[in-house]
Amino acid sequence: MHEIRFFNTLGRRLEPFRPLEEGLVRMYTCGPTVYDHAHIGNLRAFVFEDLLRRSLRFLGYRVVQVMNLTDVDDKTIRGALERGVSLDEYTRTYIDSFFADLDALHVERAEHYPRATEHIPDMIDMIATLVDRGYAYQRDGSVFFRIAADEDYGRLSGIDLEQVKSSARVASDEYDKDDVRDFALWKAKKDGEPSWDSPWGPGRPGWHIECSAMSRRYLGPSFDIHCGGVDNIFPHHENEIAQSESANGVPFVHTWLHAEHLIVDGQKMSKSLGNQYTLKQLLERGLEPRAIRYVYLATHYRQKLNFTFSAVEAAAGALRRIDEMRFRLASAVEGEAPSPAVAAAIARLEDDFTRNLADDLNAAGALGAVFVFVKEINKAIEGGAIGAGDRKRIEDALARVDQPLGVLDAGAWQEGDGDGGGLDDAEIERLLAERQAARARRDFARADAIRDRLQGAGIVVEDTPQGPRWRRS
RNA sequence: GGCGACGUAGCCAAGUGGUCUAAGGCGGAGGUCUGCAAAACCUCUAUUCGCCGGUUCGAAUCCGGCCGUCGCCUCCA
């Protein structure tokens, strides 16, 4: 078993990973604010978290993952008001859209998707504890966290609080706080906004408190991993640590993992550049979701991912190479005894693949091991070195490494209508036989006409020394 | 201004002290197969890791400087 190492943002170094409870990993992954459709940058973080949970399982752990849905904040409130609908109705559209995106990219479901609006009492409870303990104070119906009361504030981000103090943005803050750096735990109700009753009057929770409260509800006061995008390091995750440790009196999270941003054509995504794509927009352009998932996987999560259309094309080509190998394997003739070359290739794959994955989730390296394997198997097929039982052993090895990747099995990504343009298998076989007969009597016009017809129906025919083989494209 | 990241072949991207004259993919060039084609497969495709110094027996990998790109600095994954 390979030891898992992660780059912990807290401390900024690679370190061996050990869960608090043997064999079980509890992780909290910051989810979407459901005020708009997710863009491909948001989705990068979610695919990264999917890779993480799948990899942990592959490496032998049970996983409990929580992902919050932020359904009450400035943006959802504003959106609902503008559209003249309830908050719930407004966010439902984007929650549905979010899950549709996850499905399209084959992201596994987390164990829990708590919504902020369904956990207001948990948040009020935690805020009350913070007030009791002197970490928070009330002001005009709002409650603020007193940063000065938390000595080790800033140890995740390494932020210099003196700097924050003098920043212009903070100076323009709308609230009257003891210290400009203090942040809101509870915001007093404003006209027209949805609100909940609390000991401090009607209002709504601040952003950071939801993650502290909901993670405690589902994972307890201390757990193993917390993830998000790098932009969450400060202030969001810093504030979560402050709230949770001040309220619970125990260490909050051991390992913090942060996904780097995605850029498009070398530039930051922004509405004004018009490059803030949603998954739906890419799919409408004809990009395959499987290739998009591959693009996400092929760059290490701590590296900026430069998303380009040509990268998606390259990904599609890479996947085709794998599909093609399996296709050729399916019609390979097995020899007498199992092939030592195949056994060696499988052993090498499993070792290299696992080692890379355990090393801070190096999926790009793991993918490299898969392609080395593909090449070796191709050679074995070419050289007639596929032995008894090898086909299944190869397929099984691919299925194992695909458990964390979720991208190798073309069949799993097939859209419903792959029916070969109305031709069933028997009909295809009959046409192929007819074409073979035509070829045998050197009636190539007839043979090519049949091939064209099959091609038109989405059937690819490949001639080999052992006869033709076909597949639906 | 403060904090931080990155710069590897035409493109994408691993590797972070010796097995690196640098994995893998895309693209490109040859070849094999074929009636032709397509597809596929095989081989080749960076003596070099932004530039300059230094440390070391040894550096793409560590240190310093410079150049370039980018992110964060109160609610953006």
Side-chain angles (χ1 to χ4, degrees), chain A residues 9 12 14 29-33 38-49 70 73-75 147 154 157-164 166-170 172-173 180-184 206-208 227-236 238-239 258-263 266-270 294-295 298-300 302-308 310-322 324-325 327-328 352 356 359 362-375 378-379 381-383 439 442-444 447-448 451 455 460-465 469 471 473:
Chain A
T9 305
R12 294 183 195 280
L14 277 169
T29 49
C30 275
T33 299
H39 60 242
I40 55 174
N42 298 319
L43 262 13
R44 181 196 192 180
F46 303 136
V47 173
F48 152 65
E49 286 151 2
T70 300
D73 82 317
D74 292 350
K75 284 175 293 205
I147 280 182
S157 59
I159 193 112
D160 178 355
L161 282 176
E162 292 309 307
Q163 283 293 326
V164 175
S166 58
S167 141
R169 265 168 105 167
V170 171
S172 66
D173 198 301
V180 288
R181 303 167 305 181
D182 293 346
F183 58 89
W207 175 36
H208 314 299
C227 309
V230 287
D231 52 292
N232 280 153
I233 296 172
F234 185 85
H236 185 50
E238 198 70 79
N239 290 349
H258 293 280
E260 247 300 347
H261 278 190
L262 173 151
I263 56 180
Q267 291 179 296
K268 186 184 176 172
M269 277 190 303
S270 73
Y294 184 100
V295 168
T299 297
H300 188 98
R302 283 192 287 116
Q303 200 76 28
K304 271 190 275 292
L305 190 161
N306 186 16
F307 186 93
T308 61
S310 69
V312 180
E313 277 169 39
L319 288 168
R320 206 176 308 127
R321 186 167 162 75
I322 294 167
E324 209 46 58
M325 186 274 264
F327 173 53
R328 301 171 70 240
D352 286 351
N356 274 111
D359 184 13
N362 186 354
L367 242 16
V370 171
F371 285 102
V372 168
F373 178 70
V374 167
K375 176 159 287 190
N378 273 333
K379 279 189 199 173
I381 294 170
E382 224 46 33
R439 291 178 74 200
R442 304 190 69 76
D443 179 359
F444 298 122
D448 289 351
R451 185 171 63 198
Q455 210 154 41
V460 175
V461 179
E462 296 183 8
D463 294 321
T464 78
R469 61 186 171 215
R471 66 192 157 97
S473 63

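What you see is a predicted model; the values in this text were computed from it and never measured. Each chain gets a letter, A, B and so on, in the order its sequence line appears, and its residues count up from 1.
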*asked:* Using the side-chain contact (heavy atoms from CB on, under 4.5 Å) criterion, which residues pair with A:Arg12? Sequence neighbours excluded.
replied: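 A:Phe7, A:Thr9.
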
Please find the pair of heavy atoms, one from [X] and one from [Y], that lie closest to each other, and give the distance.
X        : Y        : answer
A:Val370 : A:Ile322 : CG1-CD1, 4.3 Å
A:Pro235 : A:His208 : CG-CE1, 4.1 Å
A:Val295 : A:Ala315 : CG2-CB, 3.8 Å
A:Lys375 : A:Arg321 : CE-NH2, 3.6 Å
A:Asn362 : A:His300 : CA-ND1, 4.0 Å
A:Gly228 : A:Cys30  : CA-CB, 4.5 Å

Expressed in whole Å, how much space separates the [atom1] atoms belonging to [N] and [M]?
N     : M     : atom1 : answer
B:G50 : B:U61 : C1'   : 15 Å
B:C12 : B:G31 : C1'   : 27 Å
B:C33 : B:C52 : P     : 48 Å
B:G58 : B:U19 : C1'   : 14 Å
B:C6  : B:C62 : P     : 9 Å
B:A9  : B:C49 : P     : 9 Å
B:G15 : B:C20 : C1'   : 9 Å
B:A23 : B:A14 : P     : 15 Å

Nearest-angstrom distance from the residue atom [atom1] of [X] to [atom2] of [N]:
X        : N     : atom1 : atom2 : result
A:Ile40  : B:C76 : CD1   : P     : 19 Å
A:His39  : B:A77 : NE2   : P     : 7 Å
A:Ile233 : B:A77 : CD1   : C1'   : 11 Å
A:Trp207 : B:U74 : CH2   : C1'   : 9 Å
A:His261 : B:A77 : NE2   : C1'   : 5 Å
A:Glu49  : B:A77 : CD    : C1'   : 8 Å
A:Asn239 : B:C73 : CG    : C1'   : 13 Å
A:Asp73  : B:C76 : CG    : P     : 7 Å

Counting C-beta onward and ignoring hydrogens, is there a side-chain heavy-atom pair between [X] and [Y] closer than 4.5 Å?
X        : Y        : result
A:Phe373 : A:Asp352 : no
A:Phe307 : A:Leu262 : yes
A:Trp207 : A:Asp74  : no

*Distance below 4.0 Å between A:Lys268 side-chain N/O and B:C76 OP1 or OP2*: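 Answer no for this pair, as no side-chain N or O of A:Lys268 is under 4.0 Å from OP1 or OP2.
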
*asked:* Applying a 3.5 angstrom cut-off to the pairing atoms, does RNA chain B sit in any stems of at least three consecutive Watson-Crick or G-U pairs? List them by first number.
replied: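 Ordered by first number, the stems with RNA chain B (at least 3 consecutive pairs each) read B:1-7 with B:67-73, B:10-12 with B:24-26, B:27-32 with B:40-45, B:50-54 with B:62-66.
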
*In chain order, what residues pass the salt bridge (Lys or Arg N to Asp or Glu O under 4.0 Å) check against A:Glu238, with sequence neighbours excluded?*
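With sequence neighbours excluded, A:Glu238 shows a salt bridge (Lys or Arg N to Asp or Glu O under 4.0 Å) to no residue whatsoever.
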
_Counterpart residues, salt bridge (Lys or Arg N to Asp or Glu O under 4.0 Å), relative to A:Arg44 (two or more places apart)_ =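 Here no residue qualifies.
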
At 4.0 Å (heavy atoms only), tell me whether [X] reaches a base, stays on the sugar-phosphate, or touches nothing.
X        : answer
A:Gly228 : sugar-phosphate
A:His236 : nothing
A:Leu262 : base

So which protein nitrogen or oxygen atoms get under 3.5 Å of nucleotides 11-15 of chain B's nitrogens or oxygens?
{"residue": "B:A14", "atom": "OP1", "partner": "A:His300", "partner atom": "N", "Å": "2.7"}
{"residue": "B:A14", "atom": "O3'", "partner": "A:Asn362", "partner atom": "ND2", "Å": "2.9"}
{"residue": "B:A14", "atom": "O2'", "partner": "A:Asn362", "partner atom": "ND2", "Å": "3.4"}
{"residue": "B:G15", "atom": "OP1", "partner": "A:Asn362", "partner atom": "ND2", "Å": "3.0"}

*Does the side chain of A:Asp231 pick up a donor-acceptor pair with the side chain of A:His261 at under 3.5 Å?*
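There is such a pair (donor and acceptor under 3.5 Å, judged by atom type) between the side chains of A:Asp231 and A:His261.
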
_I need a per-nucleotide contact map over nucleotides 35-41 of chain B, read 5' to 3'. Cutoff is protein heavy atoms under 4.0 Å; write B for the base, S for backbone only, - otherwise._
BBBBSSS

